[in-house]
Every structure is written in C-alpha cells, then in structure tokens.
Amino acid sequence: MTVWTAAGIALVLFLIVGVGLFSGKRVKGASDFVDGGKKAGPFLVCGTIMGSLVSSQATVGTAQLAFHYGLAAWWFTLGAGIGCLILGVMYARPLRDSGCITELQIISRSYGAAAGSLGSVLCSTGIFISVLAQVVACSGLAITLFPHIPVWAAALASIIIMCFYVIFGGAWGAGMGGIVKLVLLYAASLVGMVYALSVSHGIGGIFSELIEQLCGTGLGLVQQSANGVSNLKDTADLADRYGNLVARGAMKDIGSGLSLMLGVLSTQTYAQAVLSAESDRKAKRGALLSAMLIPPLGIAGICIGLFMRSHYMLQAEAETLKAAGMAIPDLPVLTSTIQVFPAFVLDYMPPLLAGIALGTLLITSVGGGAGLSLGMATILIKDIYQRMTTKRMDEKKELAATRGILGAILVTAACVASLVPGSTINDLGFLSMGLRGSVVLVPMSCALWLKYDINKRWVLTAIVLAPAAVLVGKLLALPIDSLYLGILVSVLCCCAGGIMGREPGKRRICDD
C-alpha cells in the first residue's frame, strides 16, 4: 500500500468523523437524536436508509458473488430496492399516522404489552447479530488492508469509527453520514464499472474474456472440485451461470431478494428514517429515492466481479489444477473471493483514488453497523426500559441513556467479534433476518391496516411460534428459506386470531 493510498483512506475517515461531530451540534434532546426532531428532508431520509442498508454485502459481497454467479449477484441490491419501494408506497404514511416511534410500539398498543415486550427482545437480538456481522466485516477489511494488526485492535477501531458516525448526531449523524457515504460509494462504484467496461470493450468483451479463460479450459473444468460449482464445458454452460438471474436456482435467488425486501419492512432503522421526515410526502420521496439508487450499485459490483473473474484465479483453483497435473494459467491469485473488490481497487485504480475507494468500503460496513445500533438502542429505551419503569426521563436523561446503550451495544459487538470466528457469525446470520421478519412484519401490518383488532393471544402465539419455525426450518435444511416458514406461521396465527376473536374499537394512534 502506497502513502497516497493510506492518505486516501485517512481522508475518508476524517470526513466521516467531521460529519459525525458536526451533526452532533443539531442534537438538543432525545427527540433530535432518535428521529431528527422530524425535520428531515427526502435526501436525509434517503441517506439514513442507504447508510444502513447499503452495507458491505451490497459492495464487497455483490462482487464476491458475481465472481462465481454473475448476474444472480444482483438480488441483494434488487431486493433491497424493492423493499424501499414498498416502504415508501405502502408503509411510510401508515407508520407516520400511527404516532409511534418504534415498530414494536405499534404492535404493543394494538395487541398488548406482552406481545410488545417479547417482540422487542427478539428483534433486539436479531439486530445485534446484524451489528455483529458488520463489525466482523469491517474488522476483516481493516485486517486485509493492515495485515499486522490484531483482531481485537481491528474490532476496536471499527466501533470507534461507528461511534463517530452515529453516537454524537444520532439520526442526524446517520442521515448526513449516509449522504456522504452515498456520494463516495457511487463515485467509487461507477469509476470501477466504467474502467472494467472500457478496458474489456463493453460487457460483450468481458464475456469474451470469460469464454477464453473458462470454457473447456483446465480452469473451467475444475470448478466443481475447487469451488463446489458446476464445471464450464462450453459457452452454454457459461451463459447459464453468468448471464442467468437465477443461476443458483429460482427458489434460492428469488428467495434472497424477498428476504431483503422483508428485512427492509421489518427493521426499526428504516422505519425510523421515514418517521424522521418533515412530512409524509418527504418520507415517501426519501424511500423512493433509495429504491431508485440502490439497484445500480449492484450492477456496478457485478461488472467488477465479472472483470475480476476473467483476470484472476483463486488459490483453491491453482491447488486443484496442480494436484491434477494440469497447466496453471498465468493469472494473479486471490486467497478467497472476499478479496475481489479490494484487489480490483488496489490493482487498477490510481493510489489516491484507491485509498478513497477503500476508505469508502470501510465506512460502508461502519454505516450499516452504526445505523442498526441506533435502531436497537431505540427499541431498548422506548420498548423495554421505559416499559419496566414508571419513572419518566426528561429529554436530556433519555438522550444520555440512548447514547450510553448505543455505545454499550458497539463495545459488546467488538468483544464478541474479537473472540468468535467470523465463519460462526455468518452461520448465525439467518437468525437476524428470521427474528426481525417473522416477529414484526405480519403483526405490524395487521395493526396498521386492519379496521379491527385481532385476538391478542393469537398475536402473542405468532410472535412465539414464528421465530421457532425459522429455527426448525433451518435445522431441517428445507429447500426454501426458513424465513418464509416463519412468515407463513405468523400469517396463519394472525388469521386464526381474526377469525376466532375480533376485537372492535381499534386504537390506531400511539398516545405517549
């Protein structure tokens, strides 16, 4: 790494720290911290959503998946964009009309304190797993850039940056930081895509290079043994893998998109973003702006991943070719696919621009972890702590408590991330989406849209059984995403509650 590259990384990090400190000046009390005092415009709403939603999975993860599957890697950003579209069109106004601050308050006011409390615990657990995954991702990228630093130091550095991102300005910091991150991320991604396409003479040129490297060659014929994916014997095999939106199977790929969509609708952070808007119209426009801007980032990541596939090989592929006595292509070698995006930046961008791009990748993970932590802290204060005590905090005490809990969440995540292997965290990642989606989505939707309250016991049953169904589905290795099993159980329970015990006189407004 050159001095200019390090300078580019430092420039981005200083910029984010400065934005965090500046946004803190706008925070006078808990309301400003949690929802920006409901003064946000569409760009700030969009920044808050994309600052958390466009994480390392949308950049590093998309390029990584595109290296093996091409167009199918689009489902992460495509699903996230569709989720934002539905959030803006269908949920923004009902969420704001509810008068509640959290999604769990909506459930609690309609279906009782027990449903709200249990849902809060499960959702907080799910969000914490996502925060943990972002700390792991950020730490891993830091170690890739600076190989000699220990894991604990990388984790500590990650949460310190996250603290600057959100702990001073709260919703203001998440929004402003998200806007800065969005501009930098778009610049880095578009520059990378334009370079890859220009060097290869367009997408057709990239596919020609892929055909030359993989179709019927030794490298193409060891894909199954080296990577666990199908071998590439001819152009039909290559087109079916890299030009197919459902290359991994319709159930898996479309399911991934639906998972992201449901995750957007059932995560407190994104609801908080639309609640921070000055008006319903601005909330809707912010969500729709996010829906428009997120999918193109996936296209850029796919172009970079395909370009790297035609110019690099993996260590596992080289070892498999050597063991089989086959010729090893004269290509640079990557240890794993997680290096695809960072290696492209370091090898093909000018040093200063490469540093800015790598710094942007760092804050991509930082923004995701920081924004989710803010949502979790809000749930813990509003839905758990304030329900357990009769003592009402004033604005300053609530602000201090929220900041303290937010800091504690990040410190705890750093401690766990430095002790537990990253692969274990990734294996548990399904719990995050499953706990949030299966617990929140159906009961909250019923509370927002039905003209009557369904039986509270059945809603509580849904909140208990739905996440249990997610776990069972995962353990049984069902061919569908276990999240959908949880959603199905939740729908059936709520339908039973509607049939067996309607409760008129629905209260649609939170009355804090």
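Just the heavy atoms: all of them, side chains too, but no hydrogens, waters or symmetry mates, feed the values below. All values derive from a computational prediction rather than experimental measurement.
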* Should V470 and L485 be marked as a side-chain contact (heavy atoms from CB on, under 4.5 Å) after you check the CA-CA gap, both sets of side-chain angles, and the distance that decides it? -> CA-CA 6 Å; V470 171; L485 183 60; over 6 Å; no
* Asked: Strictly by modelled atom types, are Q268 and T378 linked by a side-chain donor-acceptor pair under 3.5 Å?
  -> no
* Asked: Does the S117 side chain pair with the main chain of A114, one donor and one acceptor, at a distance under 3.5 Å?
  -> no
* What distance do I409 atom CD1 and I159 atom CD1 have between them, rounded to the nearest 0.5 Å? -> 11.5 Å
* With side chains defined as the heavy atoms from C-beta onward, is the minimum distance between I107 and I463 less than 4.5 Å? -> yes
* Kindly compute the distance separating SG (C493) from CG (N455), expressed to the nearest 0.5 Å. => 11.5 Å
* Structure fact -> Smallest heavy-atom separation, S373 atom then L410 atom, equals OG-CD2, 3.2 Å
* Testing L122, V464, T125 for side-chain contact (heavy atoms from CB on, under 4.5 Å) with V439, which one passes? -> L122
* To do: Search all heavy atoms of A188 against all heavy atoms of A357 and return the closest pair with its distance.
  => CB-CB, 4.0 Å
* Asked: Does the side-chain contact (heavy atoms from CB on, under 4.5 Å) test come out yes or no for T269 and I127, once each step is laid out?
  -> CA-CA 10 Å; T269 304; I127 293 174; 5.6 Å; no
* Asked: Rounded to the nearest 0.5 Å, how far apart are CD1 of I304 and CD of Q64?
  -> 13.5 Å
* Structure fact -> Residues A408 and T412: closest non-hydrogen pair is O-OG1, 2.8 Å
* Short question: side chain of T77, backbone of W74 - any donor-acceptor pair under 3.5 Å? -> yes
* Asked: Quick one: are Y484 and L258 in side-chain contact, heavy atoms under 4.5 Å?
  -> yes
* Asked: Is there a donor-acceptor contact under 3.5 Å from the side chain of S108 to the main chain of L104?
  -> no
* Can you check whether M376's main-chain N or O pairs, donor with acceptor, with S124's side chain at less than 3.5 Å? -> no
* Asked: Has the side chain of S279 got a donor or acceptor atom that lies under 3.5 Å from a matching backbone atom of K282?
  -> yes
* **Nearest-0.5 Å distance, CE of residue M90 to CG of residue L265** => 8.5 Å
* To do: Please step through side-chain contact (heavy atoms from CB on, under 4.5 Å) for the pair L288 and L85, ending with a clear verdict.
  => CA-CA 5 Å; L288 294 181; L85 176 65; 3.5 Å; yes
* Heavy atoms only: give me the nearest V45-A277 pair and the separation to one decimal. => CG2-CB, 3.8 Å
* Which atoms form the tightest heavy-atom contact between L95 and A271, and what is the distance? -> CD1-CB, 4.1 Å
* Take atom CZ of R96 as the centre, draw a 6.0 Å sphere, and report whether it contains more than 12 heavy atoms from other residues, nucleotides or ligands. => yes
* Asked: Within a strict 4.5 Å, meaning less than it, do heavy atoms of the F344 and M349 side chains meet?
  -> yes
* Could you check if a side-chain atom of L293 sits within less than 4.5 angstrom of a side-chain atom of V54, using non-hydrogen atoms only? => no
* Side-chain donor/acceptor of Y111 to backbone N/O of M444, under 3.5 Å -> no
* Tell me, do L297 and T59 make a side-chain contact under 4.5 Å, heavy atoms counted? -> no
* **I294 side chain near C84 side chain, heavy-atom distance below 4.5 Å** => yes
* Where A66 and A73 come nearest, the two heavy atoms and their spacing -> N-CB, 3.5 Å
* Asked: Considering only heavy atoms from C-beta outward, does the side chain of L448 approach that of S98 to under 4.5 Å?
  -> yes
* To do: Answer whether the closest heavy-atom distance between the side chains of P296 and Y186 falls below 4.5 Å.
  => yes
* Structure fact -> In this structure, CD1 of I49 is separated from OG of S276 (nearest 0.5 Å) by 8.5 Å
* Any chance you could lay out the side-chain contact (heavy atoms from CB on, under 4.5 Å) test for Y270 and L87, step after step, and finish with the verdict? => CA-CA 9 Å; Y270 313 128; L87 177 66; 4.2 Å; yes
* Can you tell me how far the CG atom of L406 sits from the CG atom of L380, to the nearest 0.5 Å? -> 10.0 Å
